[in-house]
Amino acid sequence: MLLVDDDPTVLAATAASLEEKGFLVVTARSCEAALEVLASAGADVLVTDLSMPERDGADLARSARTLIEDLPILVLTGFARPELTLPGGAEILEKPFRLDDLATCISKLIAAAPSSPPAVGRGR
């Protein structure tokens, strides 16, 4: 899984919690870093915060889908907006959420994804 958040504290805590749940987590602190990971190694799911400087999580989701057409995407937000445009099939999880809810959402996205070769973050 590729986990993206510009807040290093939130990123580290979320990654550690998901790893405790059995996920293999690769992290990125910006959209550009995330796209580099996706282009070079791929991922089985993209989990990104919506609100980030420069480019937001919705923009990352759209760009990620140009690299990996069927990439499962989960956008985390405390600021859901009706005008939010995400690529088809992308999910939203509103903050605050419980870690179990996040893990369940991620597992469902991975399970529903078309079979593909192993990628960074494959696990569970």
Side-chain angles (χ1 to χ4, degrees):
M1 145 190 350
L2 176 57
L3 178 65
V4 185
D5 197 307
D6 63 303
D7 183 323
T9 304
V10 171
L11 185 63
T14 305
S17 296
L18 288 169
E19 286 170 345
E20 286 177 11
K21 294 273 188 191
F23 292 99
L24 175 60
V25 182
V26 173
T27 61
R29 289 188 49 204
S30 69
C31 291
E32 288 70 27
L35 291 170
E36 287 176 17
V37 170
L38 291 172
S40 65
D44 59 345
V45 63
L46 169 64
V47 179
T48 182
D49 188 34
L50 176 63
S51 181
M52 293 187 289
E54 308 296 320
R55 296 173 66 184
D56 68 14
D59 187 31
L60 171 59
R62 289 186 295 274
S63 295
R65 280 285 178 80
T66 66
L67 292 172
I68 304 172
E69 185 178 321
D70 57 356
L71 179 67
I73 298 171
L74 178 61
V75 177
L76 310 175
T77 181
F79 309 101
R81 303 176 302 214
E83 73 278 4
L84 184 61
T85 304
L86 296 174
E91 298 284 331
I92 296 174
L93 182 60
E94 291 189 26
K95 298 177 185 177
F97 52 78
R98 295 176 337 150
L99 179 61
D100 287 342
D101 294 336
L102 175 59
T104 298
C105 248
I106 293 167
S107 293
K108 286 180 180 178
L109 283 170
I110 292 171
S115 295
S116 58
V120 168
R122 180 84 48 199
R124 183 92 170 106

Identify the residue among Leu38, Leu3, Val37 that makes a side chain to side chain contact (heavy atoms under 4.5 Å, CB included) with Val26. Val37

Mind checking the CG-CG spacing from Leu60 to Leu86? Nearest 0.5 Å is all I need. 10.5 Å

Within this structure, what is the CG-SG distance for the pair Leu93 and Cys105, rounded to the nearest 0.5 Å? 5.0 Å

By side-chain hydrogen bond (donor to acceptor under 3.5 Å, both in side chains), Asp6 pairs with (sequence neighbours left out) none

For a quick test of reading the model, state the closest non-hydrogen atom pair linking Val25 to Ala15 and the distance between them. CG1-CB, 3.9 Å

Cluster link Leu76 to Val10, ILVMFWY, side chain under 4.5 Å: no

What distance separates Asp5 CG from Ser30 OG, expressed to the nearest 0.5 Å? 11.5 Å

May I ask you to test the Cys31-Glu54 pair for a side-chain heavy-atom distance under 4.5 Å? no

With a 4.5 Å cut-off on side-chain heavy atoms, are Thr77 and Ile92 touching? yes

Sidechain-backbone polar pair: Arg62 side chain, Thr85 backbone, donor-acceptor under 3.5 Å: yes

Shortest non-hydrogen contact from Leu50 to Ala58? CD1-N, 3.6 Å

Looking at every heavy atom in both Lys95 and Phe97, which two are closest together, and how far apart are they? CG-CE2, 3.7 Å

Looking only at heavy atoms, the pair that brings Ala43 and Leu71 closest together is O-CD1, 3.5 Å

Between Asp70 and Arg65, does at least one N-O distance fall below 4.0 Å, as a salt bridge requires? no

What's the spacing between Leu46 CG and Met1 CE if we round to 0.5 Å? 10.0 Å

Is any side-chain heavy atom of Pro72 closer than 4.5 Å to a side-chain heavy atom of Ile110? no

Can you run down the salt bridge (Lys or Arg N to Asp or Glu O under 4.0 Å) pairs that involve residues 96-111, sequence neighbours left out, and say none if there aren't any? Lys21-Asp100, Arg98-Asp101

For Ala34 versus Val4, what's the shortest heavy-atom pair and its separation? CB-CG2, 3.6 Å

Could you give the distance from CD1 (Ile106) to CG (Leu18), rounded to the nearest 0.5 Å? 4.5 Å

Between Ile73 and Val75, is a side chain to side chain contact (heavy atoms under 4.5 Å, CB included) present by the stated rule, with each step listed? CA-CA 7 Å; Ile73 298 171; Val75 177; 4.0 Å; yes

Quick one: does any side-chain atom of Asp56 pair with a main-chain N or O of Ser51 as donor and acceptor, under 3.5 Å? no

Distance-minimising heavy-atom pair for Phe23 and Ala103: CZ-O, 3.7 Å

The side-chain hydrogen bond (donor to acceptor under 3.5 Å, both in side chains) partners of Ser63 (sequence neighbours excluded) come to Arg55

Just verifying a value: how many Å separate Thr14 OG1 and Glu19 CD, rounded to the nearest 0.5 Å? 11.0 Å

